[in-house]
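Right, one structure below, let's go through it.
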Amino acid sequence: MYKITPVFFVLLSLVTTTLSRPSKSSSWNPLASLPIPRQEHTTVYLPPSTIAVLGGIIPTNDTSTLPIATTSLVEFYSIPNNTWSTSVPLPRAMNHINAAVVNRSIYILGGLADLGEMQPAWRAVPDSFIYSPGSGAWTSIPGLPVGEARGSAAVGVHDGKIVLAGGMSDLELSGNATQSTVSVVSIFDTERREWVKLPSKARYLPEGRDHAGAAVVGGKMFVLGGRTQGQENVKDTVFILDLCNLNAGWSVSKARMPTPRGGVAAGVVGGKVYVFGGEGNRGTESGVFDQVEVYDKVRDRWESKGSMRVPRHGTYAVGVGRRVYVPGGGTRQSGAPVADFDVFEA
Ligand SMILES: *[C@@H]1O[C@H](CO)[C@@H](O)[C@H](O)[C@H]1NC(C)=O
Ligand SMILES: *[C@@H]1O[C@H](CO)[C@@H](O)[C@H](O)[C@H]1NC(C)=O
Ligand SMILES: *[C@@H]1O[C@H](CO)[C@@H](O)[C@H](O)[C@H]1NC(C)=O
Ligand SMILES: *[C@@H]1O[C@H](CO)[C@@H](O)[C@H](O)[C@H]1NC(C)=O
């Protein structure tokens with residue numbers, strides 16, 4: 001019988017945004033629940049008014065296997081209508097997908113998949129696809145280079161290029177519960193539709209990270225917190241790469257996250273990076289973090305912003321204007337998908 005080992009995962013996130021108007025206090029508001037509870041999905045903003053939720057894991061009643069299954073489900077949320085609709089499924093079911101939007105198209109650049117092994121595990125697959133609302137279909141694009149496939153990478157977008165930093169290549173769901181963290185960095189050029197060779201100093205993160213937060217602000221990519229080789233090996237670092245000067249390579253910020261954690265979600269508002277939730281919290285029964293903390297790259301400083309309305313991990317955030325949308329995730333460490341969807345107003 002399957003026993004839920006304290007083994008799952010979670011996510012990270014990326015986002016883009018503009019914005020300015022100062023607000024008095026931040027707040028949370030519930031939105032229309034996801035049609036199906038969902039975790040370890042990826043979330044992107046598809047302009048002008050759609051939030052897309054891609055892949056991940058959903059509950060299943062198939063008792064011969066795990067209580068959760070990896071899905072190819074794609075759901076679109078309409079911001080003005082507060083409604084969900086089911087879109088074209090991914091060509092392959094994946095969780096911990098690396099995804100980004102460039103030029104109004106969704107790019108999927110690998111992730112983790114269930115290969116149907118006797119001892120359940122999720123393994124890196126390089127499969128990559130593009131979806132544009134105009135075509136209404138997923139099309140294959142060149143997969144991740146040999147040896148660089150992984151899921152749960154920190155993802156950033158700059159100048160038509162998608163940056164994947166770190167991630168995990170294997171997650172054993174039973175037995176030795178191995179979680180293989182990687183430090184490699186990959187860049188996909190969306191205009192040329194090819195993978196780019198990186199200068200040596202940009203080629204690897206200072207240390208392996210998966211389930212980190214990610215953001216690009218002012219041409220710099222930030223990789224916030226995350227973990228190495230397991231949920232509880234949580235980190236408080238901020239790694240920085242100047243995407244306008246890759247030769248300078250990665251640096252480590254002096255400012256550490258107030259609460260070290262992985263399995264976080266991150267969203268950008270007004271040039272500041274908000275980091276939500278996470279797992280691997282030894283101080284709570286659920287193992288989940290509820291903290292909201294914001295990183296100001298100009299001052300290189302962190303500040304606390306209270307708690308999540310529904311604390312969770314394994315979710316993904318996306319900033320649009322002054323708001324950050326946070327659909328689904330798990331309310332307990334490991335696999336416990338929920339349908340809650342809420343929005344944070346900075
Ligand atoms: C599992 O079975 C229960 C009871 O029949 C049902 O309510 C639930 O919707 C099912 N869940 C899934 C994911 O099929
Ligand atoms: C939003 O609602 C309007 C008015 O009912 C409708 O025409 C439109 O198709 C809806 N859009 C989505 C994406 O659901
Ligand atoms: C964990 O188990 C898998 C197979 O279940 C094996 O391939 C892997 O080498 C093991 N890892 C360690 C660190 O023992
Ligand atoms: C953006 O997408 C449009 C239509 O989908 C295409 O014609 C254009 O070449 C794309 N631009 C870039 C920079 O990729």
Side-chain angles (χ1 to χ4, degrees), residues 1-12 33-43 53-75 86 89-99 108 110-127 149-153 167-181 210-211 227 229-233 262-265 277-281 285-288 310-316 327-341:
M1 204 182 89
Y2 171 70
K3 120 176 110 57
I4 294 192
T5 49
V7 177
F8 290 35
F9 22 95
V10 177
L11 284 211
L12 42 101
S33 296
L34 278 158
I36 298 178
R38 190 105 169 231
Q39 191 183 323
E40 313 313 328
H41 50 278
T42 301
T43 303
V53 175
L54 311 156
I57 57 173
I58 57 174
T60 170
N61 280 341
D62 178 354
T63 50
S64 68
T65 168
L66 306 178
I68 43 92
T70 300
T71 183
S72 59
L73 191 62
V74 174
E75 277 161 337
T86 300
L90 301 172
R92 172 168 211 170
M94 291 192 268
N95 57 61
H96 293 87
I97 287 171
N98 313 308
I108 302 271
L112 302 181
D114 179 347
L115 306 182
E117 295 165 74
M118 287 295 288
Q119 295 287 324
W122 295 334
R123 309 280 181 203
V125 290
D127 305 43
R150 76 272 201 186
S152 192
M168 86 186 335
S169 58
D170 296 276
L171 196 159
E172 311 272 349
L173 297 165
S174 64
N176 59 28
T178 297
Q179 300 193 14
S180 305
T181 308
D210 58 75
H211 294 86
R227 65 195 206 211
Q229 320 287 347
Q231 278 101 328
E232 292 182 356
N233 300 322
V264 296
E279 76 176 328
N281 188 348
E285 197 254 331
S286 69
V288 172
V310 183
R312 51 210 201 269
H313 73 100
T315 180
Y316 214 103
T331 49
R332 302 188 59 78
Q333 185 153 318
S334 298
V338 296
D340 294 75
F341 179 31

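Checked by atom type, the side-chain pair Arg312/Gln39 shows no donor-acceptor distance below 3.5 Å. Judged purely by distance below 3.5 Å, without hydrogens or angles, the side chains of Asp210 and Thr181 pair a donor atom with an acceptor atom. No donor-acceptor contact under 3.5 angstrom links the side chains of Thr60 and Asp62, judged on distance only.
Between Val74 and Pro89, every side-chain heavy-atom pair lies at or beyond the 4.5 Å cut-off. A 4.5 Å side-chain heavy-atom check between Ile36 and Leu73 finds at least one atom pair inside the cut-off. A 4.5 Å side-chain heavy-atom check between Met168 and Gln179 finds at least one atom pair inside the cut-off. In this structure the side chain of Ser174 reaches within 4.5 angstrom of the side chain of Gln119, judged on heavy atoms. The side-chain heavy atoms of Glu75 and Leu34, taken from C-beta on, include a pair separated by under 4.5 Å.
In this structure, Thr315 contributes its side chain and Pro327 its backbone to a donor-acceptor pair below 3.5 Å. Remark: side-chain polar atoms of Thr42 are paired, donor with acceptor, to backbone N or O of Ile97 under 3.5 angstrom. For the pair Gln333 (side chain) and Gly280 (backbone), a donor-acceptor distance under 3.5 Å is present. The main-chain N or O of Gly262 is never found under 3.5 Å from a side-chain atom of His313 such that the two would form a donor-acceptor pair. Between the side chain of Asn281 and the main chain of Ser286, no donor-acceptor pair closer than 3.5 Å is present.
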Working for side-chain contact (heavy atoms from CB on, under 4.5 Å), residues Val53 and Arg38: CA-CA 9 Å; Val53 175; Arg38 190 105 169 231; 3.7 Å; yes

Audit row: Asp170, Trp122, side-chain contact (heavy atoms from CB on, under 4.5 Å) steps and yes/no: CA-CA 6 Å; Asp170 296 276; Trp122 295 334; over 6 Å; no

From CA spacing to verdict: side-chain contact (heavy atoms from CB on, under 4.5 Å), Leu112, His96: CA-CA 6 Å; Leu112 302 181; His96 293 87; 3.9 Å; yes

CA sep, side-chain torsions, deciding dist, call: Glu172, Arg123, side-chain contact (heavy atoms from CB on, under 4.5 Å): CA-CA 8 Å; Glu172 311 272 349; Arg123 309 280 181 203; 3.0 Å; yes

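One finds no salt bridge joining Arg227 and Glu232 here, because no Lys/Arg side-chain nitrogen approaches an Asp/Glu carboxylate oxygen to under 4.0 Å.
Summarising the geometry of Pro37 relative to Pro59, their closest heavy-atom pair is O-CD, 3.4 Å, with the distance given to 0.1 Å. Considering all non-hydrogen atoms of both residues, Ala149 and Ser169 come closest at O-CB, 4.1 Å. Of all heavy-atom pairs spanning Met94 and Ile108, the tightest one is CE-CG2, 3.6 Å. When all heavy atoms of Pro120 and Leu66 are compared, the closest pair comes out as CG-CD2, 3.8 Å. Heavy atoms only, all atoms of each residue included: Leu54 and Ala99 are closest at CD1-CB, 3.7 Å.
Taking CG from Asp114 and CG from Leu173, the interatomic distance works out to 8.0 Å, rounded to the nearest 0.5 Å. Summarising the geometry, atom CG belonging to Asn95 is positioned 12.0 Å from atom OG belonging to Ser72; distances are rounded to the nearest 0.5 Å. The structure places CD1 of Ile57 at 7.0 Å from OG1 of Thr70, a figure rounded to the nearest 0.5 Å. Going from atom CD1 of Ile58 over to atom CD1 of Ile68 covers 10.0 Å, rounded to the nearest 0.5 Å.
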